[in-house]
Engineer: 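Before I ask anything, here is the structure I am working with.
Model, not experiment: these values are computed from the prediction. Just so it is clear: chains get the letters A, B, ... in the order the sequence lines come, proteins before strands, and each one is counted from 1.
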Amino acid sequence: MVYEKKIEEKKLPPLPDAVRGRVVTRLPPEPSGYMHIGHAMSGLLNYAYARMYDGKVWLRFEDTDPRKVKLEYYESFRKGYKWLKIEWDYEKNNSEDIELFYDYAEKIIELGRAYVCFCPHEKIKSLRRKGLECEHRSQDIDENLKYWKMMHDGRFREGEAIVRLIGDMKSQNTTMRDPAIFRIVEHSHPIVGARYHVWPLYDFAASIEDGVCNITHILRTSEFALRDELQNYIRDLVGMSNPTYIEYSRFEFKGTPVSKRKLRAIIEAGLAERWDDPRFPTIEGLRRRGILPEAVKEFTLTQTGFSYAKREYDWSLLYSLNRKILDPIARRFFFTPSPVKLKVEELEPGEITIPYHPTNSSLGMRKICYTDEFYISSLDVENMKDRDIIRLKYLANVKIVNASKYEVIGVRSGGGPAQNIPIIQWVPLHRSLKVKVLVPDILYLDGEKVNPESLRIIEGYAEENIVEVKVDEIVQFERFGFCRCDSTIDRIFIKTHD
RNA sequence: GCUCCGGUAGUAUAGCCCGGACAAGUAUACGGGCCUUUCGAGCCCGGGACCCGGGUUCAAAUCCCGGCCGGAGCACCA
């Protein structure tokens, strides 16, 4: 709660041409893959600005390629936006408005500003490159109207005819060289089925929709920059007003590809099993790893800008924010990775009651029963020498009698915590639970090389109290790191970060 | 190849439009110290950058030109 407020106060630069109460932004996902952090950051920005100016937000699925879109992805986005606490005011799919697109297309053909082109793909490509017009461009309006009708009547097969806008074949901006605005697709669409086979292309659908939704501001990545002119031109033809564009460069997180293609390749290579792999920048991956939506939000609002330069974020930037949110609320537990047995002579069995958090007392207390036998981490054993004194945190000091890789023998020693005594975590031998911790790391080292240790599995023992931890709770295993409980049945945790 | 756009510490950014108080701010990472019954958090200190070369100017991170490097686009995808 307190944290929410803090983020809201963070300032975003003012939005150009923004009028309070009149701003309308949009979330325009293409439901052809799982939502990832790039969508999240773009969504957060569009949403934050709408909020900042008391405006409205549209969730509009850009689903005009029947071959690419799948039902499950629509839901992935809705879920993802909800997770980020993005609230949208309206929702629609572009595929619902096909008839509307037809009406506008007809209007444009009647205006003499579009034509039906029968050139083969390759020819279009090469003429466009040369800046030359083709013979179909000079067909008269009635001819074009006739062909347009024929397209709908199924008189042409996929690839045989397209509708092109009359732009400027000599334009420096190649998107203006008579772009295709409709094509024939012989493939059923997951939402509207096989009802249509003439489908609008992106620029047409998006510009008309942005017009009818009264979008005032578009915040998007820079690969769309060249399309501003085209999209404005389309709206000008049909008498709609244009939005203000704010574009910024794409980004990546170091060692972590975001593109569907690359992620799929990783899955196909057997390096990962699913799209919610904790090493992936998908929303589900981040969530499983223990990244909080508030951290993604704060990261977006405070650590990024609208630069056009190429960016490669270091994960530590996000982790640090996440840790600051987690630290005051995560319960502490003892966990001993790669455990080694410790016997403490002269220690009477007993029970101690210790806090779940060093300062946040609202998290309560836990009890641990112990005997004279424990597990401790081999990482701590490595540094031990005979006669050293160590402290089992909250419990007792122990003088090491015999430290070996396999078993450590010590004897109870008096006193409490002190300056030069290392304090380590421990687990009672007879009352411990075996747990597995998945430790995700970056997928690629120096750009291209696959990281062989991108997902290590660490086994160890945790104190019995972890049975209270439910799936999704993020705890801190002391001196190990923050971990999210992924499965209570198999006792699997995923390390979030240190 | 063509067109457009960028280049501030390891990383991400502020500053650039409207040149001067910028011997460049912040976050993160790193090093040191303090604190702490965690190697977490917190506190303090430290090193670390204006891509290069010219020009304009009393004055350039900021304006201009050239170079180098990087990114994006050049679909019947979005």
Engineer: May I ask you to say what Arg128(A) touches in the nucleic acid, namely base, sugar-phosphate or nothing, with a heavy-atom cut-off under 4.0 Å?
Structural biologist: sugar-phosphate
Engineer: Go nucleotide by nucleotide along RNA chain B from the 5' end; which of Gly305(A) and Ile423(A) gets its closest nucleotide reached first?
Structural biologist: Gly305(A)
Engineer: Does a side-chain N or O of Arg311(A) approach OP1 or OP2 of U8(B) to a distance below 4.0 Å, or not?
Structural biologist: no
Engineer: Touch check for Gln425(A), heavy atoms < 4.0 angstrom, all strands: base, sugar-phosphate only, or nothing?
Structural biologist: nothing
Engineer: When the P atoms of G53(B) and C5(B) are considered, how many whole Å apart are they?
Structural biologist: 25 Å
Engineer: If only side-chain N and O atoms of Arg129(A) are considered, is one of them under 4.0 Å from the OP1 or OP2 phosphate oxygen of C74(B)?
Structural biologist: no
Engineer: Of the options C76(B), A12(B), G71(B), whose atoms approach the side-chain atoms of Lys310(A) most closely?
Structural biologist: G71(B)
Engineer: Any idea how Tyr81(A) and Phe77(A) line up, ring-wise: parallel (<30°), tilted (30 to 60°), or perpendicular (>60°)?
Structural biologist: tilted
Engineer: Distance check needed: A27(B) P versus Leu318(A) CG, whole Å only.
Structural biologist: 17 Å
Engineer: Looking at Arg331(A), I'd like to know whether one of its side-chain N or O atoms comes within less than 4.0 Å of OP1 or OP2 on U38(B).
Structural biologist: no
Engineer: Is it the case that the ring center of His136(A) lies less than 6.0 angstrom away from the ring center of Tyr115(A)?
Structural biologist: no
Engineer: Distance check, P atoms only: G40(B) and U62(B), in whole angstrom units.
Structural biologist: 41 Å
Engineer: Reckon Pro328(A) touches a base, only the sugar-phosphate, or nothing at all at heavy-atom distances under 4.0 Å?
Structural biologist: nothing
Engineer: Parallel, tilted or perpendicular: which fits the ring planes of Phe182(A) and Tyr102(A), with parallel below 30° and perpendicular above 60°?
Structural biologist: tilted
Engineer: With a 4.0 Å limit, can you tell me whether Lys130(A) has a side-chain N or O closer than that to the phosphate oxygens OP1/OP2 of C2(B)?
Structural biologist: no
Engineer: Are Phe204(A) and Tyr104(A) close enough that their ring centres sit under 6.0 Å apart?
Structural biologist: no
Engineer: Is the distance from the ring center of Tyr461(A) to that of Phe335(A) below 6.0 Å?
Structural biologist: no
Engineer: So what does Thr64(A) hit on the nucleic acid, given a heavy-atom distance under 4.0 Å: a base, only sugar-phosphate, or nothing?
Structural biologist: sugar-phosphate
Engineer: Checking base pairs now: Watson-Crick or wobble, both atom distances under 3.5 Å. What partners C17(B)?
Structural biologist: none
Engineer: Regarding Glu312(A), tell me which of base, sugar-phosphate or nothing describes its non-hydrogen contacts under 4.0 Å with the strands shown.
Structural biologist: sugar-phosphate
Engineer: Arg479(A) or Ile162(A): which one's nearest nucleotide on RNA chain B is closer to the 5' end?
Structural biologist: Arg479(A)
Engineer: For G70(B), which nucleotide is its Watson-Crick or G-U wobble mate, given both distances must be under 3.5 Å?
Structural biologist: C5(B)
Engineer: How are the rings of Tyr74(A) and Phe61(A) set to each other: parallel, tilted or perpendicular (split at 30° and 60°)?
Structural biologist: tilted
Engineer: So Lys254(A), base contact, sugar-phosphate only, or nothing? Heavy-atom distance under 4.0 Å.
Structural biologist: nothing
Engineer: So what does Asp65(A) touch, heavy atoms closer than 4.0 Å: a base, only the sugar-phosphate, or nothing?
Structural biologist: sugar-phosphate
Engineer: Suppose you measure atom P in A49(B) against the same atom in A24(B); what distance do you get, rounded to whole Å?
Structural biologist: 9 Å
Engineer: So Ser222(A), base contact, sugar-phosphate only, or nothing? Heavy-atom distance under 4.0 Å.
Structural biologist: sugar-phosphate
Engineer: Does Arg332(A) reach a base, just sugar-phosphate, or nothing at all? Heavy atoms under 4.0 Å.
Structural biologist: base
Engineer: Just checking Asn94(A): base, sugar-phosphate only, or nothing, at a heavy-atom cut-off of under 4.0 Å?
Structural biologist: nothing
Engineer: Would you measure the distance from the P atom in G7(B) across to the matching atom in C52(B) and give it in whole Å?
Structural biologist: 13 Å
Engineer: Could you measure between the two C1' atoms, the one in C4(B) and the one in A41(B), and give it in whole Å?
Structural biologist: 47 Å
Engineer: With heavy atoms under 4.0 Å as the rule, sort Tyr202(A) into base, sugar-phosphate or nothing.
Structural biologist: base
Engineer: Taking any heavy-atom pair under 4.0 Å as a contact, classify Lys393(A): base, sugar-phosphate, or nothing.
Structural biologist: base
Engineer: Would you indicate what Arg227(A) reaches in the nucleic acid, counting non-hydrogen atoms under 4.0 angstrom: base, sugar-phosphate, or nothing?
Structural biologist: base
Engineer: Pairing check on U57(B): which nucleotide meets the Watson-Crick or G-U wobble criteria with it, both distances under 3.5 Å?
Structural biologist: none
Engineer: Determine the interatomic distance between C1' on C22(B) and the same-named atom on G54(B); round to the nearest Å.
Structural biologist: 23 Å
Engineer: A72(B) and A27(B): how far apart are their P atoms, nearest whole angstrom?
Structural biologist: 31 Å
Engineer: How far does the C1' atom of C43(B) sit from the matching atom of C35(B), given to the nearest Å?
Structural biologist: 7 Å
Engineer: Applying a 4.0 Å non-hydrogen cut-off, can you work out what Phe480(A) is touching in the nucleic acid: base, sugar-phosphate, or nothing?
Structural biologist: nothing
Engineer: Looking at Tyr356(A), does the NZ or CZ of Arg331(A) lie under 6.0 angstrom from its six-membered ring centre and within 45 degrees of the ring axis?
Structural biologist: yes
Engineer: Please evaluate the base of U38(B) for a donor-acceptor partner in the side chain of Gln476(A) within a cut-off of under 3.5 Å?
Structural biologist: yes
Engineer: Looking at Phe477(A) versus Phe334(A), is the centre-to-centre ring distance below 6.0 Å?
Structural biologist: no
Engineer: Picking from G40(B), A78(B), C76(B), which would you name as closest to the side chain of Arg323(A)?
Structural biologist: G40(B)
Engineer: On the nucleotide U13(B), are OP1 or OP2 found under 4.0 Å from the side-chain N or O atoms that Tyr313(A) carries?
Structural biologist: yes
Engineer: With the side chain of His121(A) defined as its heavy atoms from C-beta on, choose the nearest nucleotide among C76(B), U11(B), A78(B).
Structural biologist: C76(B)
